[in-house]
Amino acid sequence: MRILVSNDDGIHARGLRMLVGGLSNLGEVFVVAPDRERSATGHSITVHRPLRAKKTRIPGFDVQSWAVDGTPADCVKLAIEDLLADPPDLVVSGINQGPNLGTDVLYSGTVSAAIEGAINGFPSIAVSLASYCYQDFSPAGAFIREFIPFLLRADLPRNTLLNVNVPGTERPLGVKITRLGNRRYVNIFEKRVDPRGRIYYWVAGEPLEAQEDPSGTETDVEAVKNNYISITPLQLDLTDYAAIEQLRFLADFK
Ligand code: MN
């Protein structure tokens, strides 16, 4: 099995090394990752300057690796189109330091690398350690190593990716299949004054406490808060099919 690994924390990130270590036992690992941290770059790609991919080494591992001076989406695109001699069987992005929950998946470079894999028709997984302060990636790494063979035996829908968030604790309580929650923030911008008296803003923000959801399916936000590993299947089609019916009358607009 050929496994393409990428991330958005950069090729030197500890979470990526944990993933490479775990996945090397499952198949041939190829790493194509940003040469520096590119968190929160979403699905952006580089179009206004050339991209360069530099052959590199991940210390301690004998895997083919490239550091790319672009975004996570650039990395996966380039890997599939040129760097890898043959297509991968699986794309895994992470392990990100920090959660990628709810609406935040739209800003996430980690998730976007997996989305790029899914766009190209490959089974793809994004993995995040849902904490900024918990530094131990080994529970998340161990889970992914056990989970992937189990996953590949199942028949996954094409163009669907899995967004996995592992809580920052030594022993998660189990696994929940979830839907995306609504991740809202308060005090998003800190407003400050620079030494020349001009105002500047720094994006920060505290997530609002998740609201209980009456619809039944637990959200990823709740699952992680309750110390469960959250697995959310994501699809690429953002179309609101119900709204198509509701908006049919607009076709009469002249
Ligand atoms: Mn990141």
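Counting begins at 1 with the first residue of the sequence. Counting convention: from 1, in listed order, for ligands and their atoms alike. What you see is a predicted model; the values in this text were computed from it and never measured.
The existence of a salt bridge linking Arg183 and Asp104 is confirmed by a sub-4.0 Å separation between a basic side-chain nitrogen and an acidic carboxylate oxygen. Arg57 has no carboxylate O lying under 4.0 Å from a charged side-chain N of Asp62, or vice versa, which leaves the two without a salt bridge.
The atom name of the N/O/S atom in Asp8 closest to the Mn ion (ligand 1) is OD1.
For residue Asn96, an N/O/S atom approaches the Mn ion (ligand 1) to within less than 2.8 Å. At least one N/O/S atom of Ser39, from backbone or side chain, sits under 2.8 Å from the Mn ion (ligand 1). Among the atoms of Asp9, an N, O or S atom falls under 2.8 Å of the Mn ion (ligand 1).
By the 4.5 Å side-chain criterion applied to Ile, Leu, Val, Met, Phe, Trp and Tyr, Ile244 is assigned to a cluster that also includes Tyr241.
Using a 30° and 60° split on the angle between ring planes, Phe147 and Phe150 fall in the tilted class, from 30° to 60°.
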